[in-house]
Protein chains: 4
Amino acid sequence: MGLPLLANKKQSADKHQKIIEAAIAVFAGNGFFNSTVADVAREADVADGTIYLYFKNKDDLLISIFEYSMDLFIQEAEAALKSSSDPKEKLREFISLHLKLVQKYPDLAQVIQIELRQSTKFMKEYPNEKFFQYLDIVSGIIGDGQESGVFKKNLDPVILKRVIFGAVDEIALEWTLMKRKRYTMAEAADQVCGMIFEGICQ
Amino acid sequence: MGLPLLANKKQSADKHQKIIEAAIAVFAGNGFFNSTVADVAREADVADGTIYLYFKNKDDLLISIFEYSMDLFIQEAEAALKSSSDPKEKLREFISLHLKLVQKYPDLAQVIQIELRQSTKFMKEYPNEKFFQYLDIVSGIIGDGQESGVFKKNLDPVILKRVIFGAVDEIALEWTLMKRKRYTMAEAADQVCGMIFEGICQ
Amino acid sequence: MGLPLLANKKQSADKHQKIIEAAIAVFAGNGFFNSTVADVAREADVADGTIYLYFKNKDDLLISIFEYSMDLFIQEAEAALKSSSDPKEKLREFISLHLKLVQKYPDLAQVIQIELRQSTKFMKEYPNEKFFQYLDIVSGIIGDGQESGVFKKNLDPVILKRVIFGAVDEIALEWTLMKRKRYTMAEAADQVCGMIFEGICQ
Amino acid sequence: MGLPLLANKKQSADKHQKIIEAAIAVFAGNGFFNSTVADVAREADVADGTIYLYFKNKDDLLISIFEYSMDLFIQEAEAALKSSSDPKEKLREFISLHLKLVQKYPDLAQVIQIELRQSTKFMKEYPNEKFFQYLDIVSGIIGDGQESGVFKKNLDPVILKRVIFGAVDEIALEWTLMKRKRYTMAEAADQVCGMIFEGICQ
DNA sequence: TATGAATGAGTGTTCATTCAT
DNA sequence: AATGAATGAACACTCATTCAT
């Protein structure tokens, strides 16, 4: 009696996951608004109605993708950042990781970067905690660096975290949309780190 | 005989402009997909059908906003950049200008930054020349700076222009979406320039 | 002062005629419902609004075509039927004429045969006098023929006129729609007359 | 487990049929172009969207009516024609049957005769096979009759089948549109057969 | 749980008609 | 008389969501 329940729970989790993954693929391919719930259902190989057993509505599906992916990103980031204690190395690691993740999960990245922003409703109303949590990894590193004297103290971490995220994310976005890749992610990471650390002036 | 024609032309241009402006306001407020053509018509104080006398369809309206705004941005940027010949000053001017423009035309900025990116179709299919033209102002400045020895030569202008644009645009985006402004655009411009020019390392 | 008026009247009549002819061409090509008033205006080389100076509405345009064409058909039929006094010859003449007219005015024929029938409203509500007048040419001939003993007296002219018209009109319709003509109208006229006069039995 | 599926299939077929019948009634009453899909839905007592579960679009509904009715006609005709082997009797049977069918399914007949012809697109583009199949029943009978010497050999079956169909169909059409019936279908059948077999000449 | 047929509100778009010029 | 810009009602079609099975 316990086992079947467990089995069901697992099956249930599997189906939830299956739908999430289907939604990521579908939304990345066609855009959130141009995709139908039926498209997602077909991709996930479930009935339309089944989606509503796992998600409140279509918007909830998008939000769930976001939370799922931010959890994934945060988890991977925290794991990766343990290896080093030097703020500079940590920041390099973070930038490199973000770009790697975009490369590893291109559909996911596209949904996050493009489709999510589309929903003004989402951007304005949804308490975007997970994203701030992700961003705060950056401001944490900056704060540590400023304390230990590695980074300049006159730079405002609130602004800086956005500047760094924006720079890295724009590169990631371009890379996602580019058909013929003109540079590797490793090259891009080097360039971005170079610029952020030392600036562009001679 | 010539005058009425002129008047008509002007009136016609006025109505075109009126619809564009209405669309910017509506799309910024609700998002492109959540706005109806009827909403735009109401805002522009014209009949629904009138929209279709000036624009092919709803998508065309979005694209027109984009072209209109990029023209505006490019024009303002070129005017502003004439004042100085120092690449560093020019870049500072450009960054400052972009942020000022976003502040001056917040609805327009929001449509460009958010609504436009939503349309995967748009991002993937529309030959995004005007945007590249805008971006190329940055790579032009970088190129000049590298030639004259002001900027480091080992940085790839193709990547760099994106990094700079991403950093600036993310700040602009956050500022647009922030309800209670926690910093001024001038402060932000200083911080961004500081980081870009000299880097974040001590 | 008299002349310009006359000239205007003539010009006015010309424009009326021009619109009728444009409407015939457009409706024949695309069907009444798939054609727009603007299409007709363009074809007639007048402004959209001008159509409404000469016709009450789009339906009126169709009815006017019908009346115009039936007048034309009746006029040509009456002229042609004067030449002979033999009912059999007259009927042969009528059949031949109808087919010739369809061949001569294919667009007109198509509008009458197809587009007119579409409008149930028209078929049911419009007092279809002109068409009955045309049909009555046939019953007149039959009546004469029965009186003079050329045609069988036990046939009901009311039914018969329809049978004959239906037979002829179906041939005309097929001929109008056929792309590669497989028989000439003269052949068809011969066959139809042969059948109607002598029947199909050996 | 099998039964519910069967029930569903049957129910599904029922709904398809229900919509077809509603469409026939609505199109016959108002004409295809003057009827809305919502009208059909209301008549069929289903939601607007349901129509699109069974038919591709409004045109498809019209075409489906056509195919449905031609199948019905062909089936009834083939059944009726088995009883006799005499070409003359067979032709009489066919004519009588066509008129009876029009009387039995007046709405259907009207849609076929009138509404279908309206759509130039349909008449020109739709590969009208079913209708030709129906017409070919007539040419088959004629061919047999000519072979067996019952019908004149100099008459072209291609033209003749149209002449006969046109004659019969015009009678049917008039009868459908006539409000006060001035003759019975049986009378009409007799008259038509008399004329077709023996001609109108004394 | 899972299904998928059914729903019906919602919307982009067309076009007959009007009317100020 | 003639224009054609403007109107706004109308409609085909879509799709998120529900619910009986």
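Throughout, a chain's letter reflects where its sequence line sits, starting with A, and its residues are numbered from 1. Predicted model only: the values in this text are computed from it and were never measured.
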query: Is the distance from OP1 or OP2 of E/dT7 to the nearest side-chain N or O of D/Tyr52 less than 4.0 Å?
result: no

query: So does D/Lys15 get a side-chain nitrogen or oxygen closer than 4.0 Å to the phosphate oxygens (OP1/OP2) of E/dA6?
result: yes

In whole angstrom, what separates [X]'s [atom1] from [N]'s [atom2]?
X       : N      : atom1 : atom2 : answer
B/His16 : F/dA5  : NE2   : C1'   : 16 Å
C/Leu62 : E/dA16 : CG    : C1'   : 15 Å
B/Tyr54 : F/dA5  : OH    : P     : 8 Å
B/Phe55 : E/dG12 : CZ    : P     : 15 Å

Are there any protein N/O atoms within less than 3.5 Å of an N/O atom in nucleotides 8-10 of chain F, and if so, which ones and at what distance?
from: F/dG8; atom 1: N7; to: B/Gly49; atom 2: N; distance (Å): 3.4

- request: Give a yes or no on whether the backbone of D/Asp60 and the side-chain of D/Ser64 come within a donor-acceptor separation of less than 3.5 Å.
  value: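 Judged by distance alone, yes, a pair lies under 3.5 Å.
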
- prompt: Would you say D/Thr50's side chain and D/Val46's backbone share a donor-acceptor pair under 3.5 angstrom?
  reply: no

- prompt: What orientation do C/Phe131 and C/Phe66 show, parallel under 30°, tilted 30 to 60°, or perpendicular over 60°?
  reply: tilted

Partner set under side chain to side chain donor-acceptor pair (under 3.5 Å) for D/Asp71, not counting sequence neighbours: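 So D/Asp71 forms a side chain to side chain donor-acceptor pair (under 3.5 Å) with D/Lys130.
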
- prompt: Once you round to the nearest 0.5 Å, how far does CD1 of B/Ile112 lie from CD of B/Gln110?
  reply: 11.0 Å

statement: Each base of DNA chain E marked ( ) or [ ] if paired in-strand (Watson-Crick or G-U under 3.5 Å), | if paired to another strand and . if unpaired gives .||||||||||||||||||||

message: Does the structure place the NZ or CZ of D/Lys58 under 6.0 Å from the centre of the six-membered ring of D/Phe32, at an angle of no more than 45° from the ring's axis?
response: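 Because its charged atom sits under 6.0 Å from the ring centre and within 45° of the axis, D/Lys58 does stack over D/Phe32.
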
